[in-house]
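Here, residue 1 is the first one in the sequence, and each next residue gets the next number. Side-chain atoms are counted along with the backbone in the values below, which use heavy atoms only and exclude waters and symmetry mates.
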Amino acid sequence: MKNFICTLLLIALFILSSCSNNSENPGVDCAQSDLSLSISSTSEPTCSSTGSISVMASGGTSPYQFSIDGINFQSSNTFDGLAAGSLTIEVIDADGCTDVLNSTLESDGGISLELTATESDCINATGTIEVNASGGDGSFTYSIDGSAGQSENIFTSISTGDHEVTVTDGTGCSSSSEIYVSSTVSLSADIMPLLQRECTFSGCHNGDNGSDRNWTQKEDILSKASGIKSRTQSGSMPRSPGMLTADEVAMIACWVDDGAKDN
């Protein structure tokens, strides 16, 4: 009886051992695999066409499958319809081993922009934007905020706020970039005197209505900047309507839109 039981146990162990080794790739250690991936050719994208990349797998066990998104695999080693940017390509071989290749597809003939700006008066548009463009075919026209193109790379009489500059070369390739033009409004020279003139009297922003709403204190004005802009634009501050002119309300808005600087 004991011999019979021992025999059954040996049979069971044999079956379990066979099942544990019954994988798709028995005995393969991917850590020791020589599977590798390299670039065989690239086609850089332009403003009028997309790019492509071809890779080559070696080592491991063929056939190979390739993926550029880590999800969908294909037998072809070429990927088309690519824009410029970073790429991660993966290969998996017949043993289930993988290798990953990171690459960057540069744009051929792309235009690079560098924008610089000077400050503008809040009420009158006095700012300037200068554009330095490179790449493309070197023959550029410049446009701002959808205006007609010009040959000069400097825009004048620019107002405060966000602006979009577009540069187009002789082949029709274009590139756009945004820049913010700050105002010349100063907290110390403009905003504090304005608020103290109209808003700091008994019972109103002189410290009587809350320790954090004292407009004689720079820190309080800075911490409540967005609320000050909102209330002056709605007319709920100052208490007496019309105490601030439209230009003065605009100055407060410019200062807040600039980031409520401690300037």
Side-chain angles (χ1 to χ4, degrees), residues 12-115 131-138 140-146 161-180 259:
L13 288 172
F14 177 80
I15 293 172
L16 289 174
S17 176
S18 298
C19 289
S20 64
N21 289 321
N22 189 25
S23 62
E24 182 180 352
N25 308 292
V28 173
D29 182 1
C30 287
Q32 303 299 319
S33 174
D34 62 349
L35 177 65
S36 66
L37 194 59
S38 61
I39 296 174
S40 57
S41 66
T42 60
S43 174
E44 296 174 335
T46 69
C47 64
S48 59
S49 64
T50 56
S52 65
I53 187 169
S54 295
V55 294
M56 180 175 64
S58 61
T61 303
S62 62
Y64 308 112
Q65 293 282 317
F66 304 89
S67 175
I68 203 168
D69 60 10
I71 300 173
N72 301 296
F73 285 81
Q74 62 184 43
S75 58
S76 172
N77 64 335
T78 298
F79 297 94
D80 299 309
L82 303 178
S86 299
L87 304 173
T88 299
I89 302 174
E90 183 177 359
V91 62
I92 184 169
D93 70 1
D95 292 329
C97 299
T98 62
D99 190 39
V100 173
L101 173 68
N102 294 310
S103 183
T104 301
L105 202 60
E106 302 288 348
S107 176
D108 180 15
I111 302 171
S112 298
L113 305 183
E114 181 181 347
L115 309 181
V131 189
N132 288 315
S134 59
D137 71 350
F140 303 121
T141 57
Y142 305 84
S143 172
I144 187 167
D145 299 329
D162 290 310
H163 298 276
E164 183 179 55
V165 174
T166 300
V167 176
T168 305
D169 73 2
T171 68
C173 290
S174 64
S175 179
S176 298
S177 184
E178 289 189 353
I179 190 170
Y180 182 83

Could you tell me if the side chain of L82 sits less than 4.5 Å from the side chain of T50, heavy atoms only? no
| Taking C-beta and beyond as the side chain, do Q74 and S67 meet within less than 4.5 Å on heavy atoms? | no
Residues L105 and A83: closest non-hydrogen pair is CD2-O, 3.9 Å
Is the backbone N or O of C97 less than 3.5 Å from a side-chain atom of D95, with the two atoms forming a donor-acceptor pair by type? no
Rounding to 0.5 Å, atoms CD1 (I179) and CD (E164) come to a distance of 12.5 Å
Heavy atoms of S176 and T166 approach each other most closely as OG-OG1, 2.8 Å
Side chain to side chain donor-acceptor pair (under 3.5 Å) pairs touching residues 33-43, sequence neighbours excluded, are S36-S58
message = Using side-chain heavy atoms (C-beta onward) and a distance below 4.5 Å, is V55 in contact with V91?
response = no
Looking only at heavy atoms, the pair that brings L113 and A133 closest together is CD2-CB, 3.9 Å
CD (Q65) and OG (S76) are apart, to the nearest 0.5 Å, by 10.0 Å
CZ of F66 to CD1 of I53, rounded to nearest 0.5 Å, is 12.0 Å
dist I92:CD1 -> T98:OG1 (nearest 0.5 Å) comes out at 6.5 Å
Should I111 and F140 count as side-chain neighbours, where that means a heavy-atom distance under 4.5 Å?
yes
Residues E90 and G70: closest non-hydrogen pair is OE1-CA, 3.9 Å
So, the side chain of D169 versus the backbone of G136: is there a donor-acceptor pair under 3.5 Å, distance only?
no
Result for side chain to side chain contact (heavy atoms under 4.5 Å, CB included) between Y64 and one of D99, L35, N77 points to L35
Value for CG (D93) from SG (C30), rounded to nearest 0.5 Å, stands at 6.5 Å
Taking every heavy atom of S62 against every heavy atom of A94, the minimum-distance pair comes out as O-CB, 3.6 Å
